[in-house]
Structure formats: structure tokens, C-alpha cells
Amino acid sequence: GMMGVQAAMETKGVLQDHTLALLTGEGRALEMGAGDFLASFDRQQALTWFILDNQSYANSGSAANAMTPSHASTRIYSRATGGKPTAERDMPLMMMHSSARYVATATPAFVNDLVAKVQEAIVNQPSYVHIYPPCQASWQYQPQFVAKISRLMVRSGVAPLWSYKDGIFKRTVKFNWDKKKPVQEYLKLQRRFDGMTEADIEDLEYLVTRKNKQVDALEQAFSGEES
């Protein structure tokens with residue numbers, strides 16, 4: 001893994017001229033390779049992890065993984081069975097409690113926010129940036145909607161954008177509860193959510209609300225301002 005790459009570069013005497021970064025998928029890093037992934041933070045390896053989370057094992061028929069959202073239909077969890085029965089693992093929030101010096105979430109639709117986080121992560125290693133790129137194969141949407149879906153992830157609260165560094169947690173793209181988009185606007189553009197019941201939609205809306213209340217509470221608790 002990356003430890004071997006680092007050791008080889010040290011042996012050749014070229015490590016000081018390079019910055020180590022790894023661009024990989026959520027299935028490989030956060031499930032199949034979770035031990036190596038977490039160990040890199042335990043040993044404070046100077047490395048940035050850029051996780052591209054398309055919420056499925058897309059190259060093997062779009063099977064579900066721990067990051068697949070609740071009620072999404074997949075290769076294993078069909079719509080007839082109600083889709084995936086459990087909510088996704090919130091790995092970015094979990095990484096706040098790791099040895100990472102910098103943790104952030106990002107989406108392609110908010111380019112300036114993404115670029116700023118890439119730059120910040122590189123100079124604050126070990127670091128972790130969790131990126132949500134829409135996946136046409138697994139999410140089953142029309143290609144003209146890719147940017148809209150990416151924006152709606154944020155505007156509906158499905159993917160809050162935030163960063164955590166030096167004990168300070170902050171939203172990096174403002175979220176206005178009064179202008180929040182209904183989660184259904186995000187769902188209806190993707191066939192993986194076709195056929196959901198009203199109860200299913202209400203359940204997802206509840207999970208999104210809960211997540212954003214957590215984010216708001218963290219921003220208030222870890223603002224860096226003295227109470």
C-alpha cells in the first residue's frame with residue numbers, strides 16, 4: 001500500500017520532494033481496505049485520502065456497500081424488497097474522531113469549495129476529504145441532470161459541506177433551513193429511488209434532518225469561540 005510507496009521513496013531519497021495523496025473509491029478504502037486506511041491515521045502517515053463516494057460498488061453491478069443510502073435499490077436490494085434497509089455510514093463525521101488533522105466533505109457542483117479543501121488537505125496531513133460524485137451507472141439518472149443532482153445533494157441537506165481543523169468545525173457552504181429543498185426533488189431524478197412509498201420518503205427526510213441538526217450542533221460546539 002501507500003506505506004510501501006512511502007518507504008520506497010524514502011529509500012531513494014525523493015520523498016522530501018513529493019506530497020503523498022491517494023484518490024480512491026469508498027468501497028475499496030472504507031470497507032475492503034478499512035484496516036489499512038485507518039492504520040495510516042493511527043501512525044500519522046503524511047498522506048491525504050481523497051474518497052470518491054458513489055455509494056455503491058459500481059464496477060461490479062452496483063452492489064450496495066455501507067455508504068449506500070437507505071431505500072436505494074441496488075443489485076442486491078431490489079425495489080421489490082424496499083431497497084437497502086439501513087442508513088449509510090457517515091464516515092466523514094467518524095473521521096472527526098480519528099487522528100486526522102483535517103477532515104472535509106465536498107461535491108463537484110461547488111467547485112471553489114472543493115478546490116479550497118484539496119489545497120487545505122494537502123498542507124495538513126494526515127487528512128481526509130470525502131467527495132460525493134454522482135454515478136450514472138448506479139444512481140440511474142439522465143446525464144443532463146448530473147450538475148443538478150450534485151447541487152441538490154447540498155441544497156436538500158443530503159450532503160452537508162463542512163470542514164474540521166484544529167478543533168474548529170464549520171459549514172463551508174451555508175445551509176438555510178427556510179430555503180431547504182425537499183429531499184424528494186433530489187430523489188425523483190434517480191431511478192434507484194423509483195417506487196418509494198410516502199413512508200420511505202418521510203424516513204429519508206427524517207434522516208437528513210437529523211444529520212443536519214448534528215452538523216449545526218457541531219458547528220456551534222466547535223466554533224472556536226468562548227461561550
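Predicted model, so just to flag it, every value in this text is computed and none were measured. Positions are given from 1, in the same order as the sequence printed here.
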Just verifying a value: how many Å separate [X] [atom1] and [Y] [atom2], rounded to the nearest 0.5 Å?
X: Lys181; Y: Lys179; atom1: NZ; atom2: NZ; result: 10.0 Å
X: Asp53; Y: Ile131; atom1: CG; atom2: CD1; result: 10.0 Å
X: Asn112; Y: Thr172; atom1: CG; atom2: OG1; result: 11.5 Å
X: Lys117; Y: Tyr102; atom1: NZ; atom2: OH; result: 6.0 Å

Exercise for the section: Report the relative orientation of the aromatic rings in Phe37 and Trp49; use parallel for angles under 30°, tilted for 30 to 60°, perpendicular for over 60°. Expected result: perpendicular
Please name the pair of heavy atoms, one in [X] and one in [Y], separated by the smallest distance, quoted to 0.1 Å.
X: Ala46; Y: Leu20; result: O-CB, 3.6 Å
X: Ser70; Y: Phe193; result: O-CE2, 3.9 Å
X: Ser73; Y: Ser78; result: CB-C, 4.1 Å
X: Gln136; Y: Pro143; result: NE2-CD, 3.3 Å
X: Ser127; Y: Asn124; result: CB-O, 3.3 Å
X: Trp139; Y: Pro134; result: CZ3-CA, 3.4 Å

Practice task
Give a yes or no on this: more than 12 heavy atoms of other residues, nucleotides or ligands lie within 6.0 Å of atom CD of Gln220.
Solution key: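 Atom CD in Gln220 is not packed in, count stays at 12 or less.
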Practice task
For Asn176, look at atom CG and say whether over 12 heavy atoms of other residues, nucleotides or ligands are found less than 6.0 Å away.
Solution key: yes
Handout entry: Contacts of Thr86 that satisfy side-chain contact (heavy atoms from CB on, under 4.5 Å) - sequence neighbours left out
Key =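 Applying side-chain contact (heavy atoms from CB on, under 4.5 Å) to Thr86 gives Lys84.
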Practice task
Could you list the residues that satisfy side-chain contact (heavy atoms from CB on, under 4.5 Å) with Gln140, not counting sequence neighbours?
Solution key: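 side-chain contact (heavy atoms from CB on, under 4.5 Å) list for Gln140, sorted by chain: Arg191, Arg192.
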Exercise for the section: Go through the steps for Val215 and Glu219 under the test side chain to side chain contact (heavy atoms under 4.5 Å, CB included), then give the verdict. Expected result: CA-CA 6 Å; Val215 169; Glu219 186 172 41; 5.5 Å; no
Handout entry: Set of residues satisfying ring-ring contact (aromatic ring centres under 6.0 Å, His included) with respect to His130, sequence neighbours excluded
Key =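 With sequence neighbours excluded, His130 shows a ring-ring contact (aromatic ring centres under 6.0 Å, His included) to Tyr128, Tyr132, given in chain and number order.
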Practice task
Classify the side-chain pair Ser56/Thr68 by whether it contains a donor and acceptor separated by less than 3.5 Å.
Solution key: no
Does any part of the side chain of [Y], heavy atoms only, come nearer than 4.5 Å to the side chain of [X], both counted from C-beta?
X: Gln125; Y: Thr19; value: yes
X: Lys211; Y: Asp90; value: yes
X: Leu23; Y: Leu52; value: yes

Flag yes if [X] and [Y] sit in one hydrophobic cluster, no otherwise; membership is Ile, Leu, Val, Met, Phe, Trp, Tyr, and two members link when side-chain heavy atoms are under 4.5 Å apart.
X: Leu189; Y: Val208; value: yes
X: Met95; Y: Ile51; value: yes
X: Val103; Y: Val123; value: no
X: Met96; Y: Leu47; value: yes
X: Leu30; Y: Phe41; value: yes

Handout entry: Contact list for residues 122-144, test salt bridge (Lys or Arg N to Asp or Glu O under 4.0 Å), sequence neighbours left out
Key = none
Handout entry: Lys180 bridged to Glu205 by N-O distance under 4.0 Å
Key =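 Salt bridge present between Lys180 and Glu205.
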Solution key, residues 154-170 side-chain donor-acceptor pairs under 3.5 Å, sequence neighbours excluded:
from	atom 1	to	atom 2	distance (Å)
Ser156	OG	Leu152	O	2.6
Lys165	NZ	Glu120	OE2	2.5

Determine whether a donor-acceptor pair (N or O, by modelled atom type, separation under 3.5 Å) exists between the side chain of [X] and the backbone of [Y].
X: Asp200; Y: Thr197; answer: yes
X: Glu31; Y: Arg28; answer: no
X: Ser150; Y: Ala109; answer: yes
X: Arg89; Y: Met94; answer: no
X: Gln55; Y: Pro69; answer: no

Exercise for the section: Each residue besides Tyr57 in its hydrophobic cluster should be listed here, by chain and number; the cluster joins Ile, Leu, Val, Met, Phe, Trp and Tyr at side-chain heavy-atom distances under 4.5 Å. Expected result: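 Noted: Tyr57 shares its cluster with Met32.
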Exercise for the section: Please step through side chain to side chain contact (heavy atoms under 4.5 Å, CB included) for the pair Ile149 and Tyr186, ending with a clear verdict. Expected result: CA-CA 6 Å; Ile149 289 171; Tyr186 166 73; 3.7 Å; yes
Exercise for the section: Begin with the C-alpha distance, continue with both residues' side-chain angles, and end with the deciding distance and a verdict on side chain to side chain contact (heavy atoms under 4.5 Å, CB included) for Leu218 and Leu93. Expected result: CA-CA 10 Å; Leu218 287 167; Leu93 285 182; 3.6 Å; yes
Problem - Full working for side chain to side chain contact (heavy atoms under 4.5 Å, CB included) between Trp177 and Asn212 - result: CA-CA 9 Å; Trp177 284 95; Asn212 281 275; 3.6 Å; yes
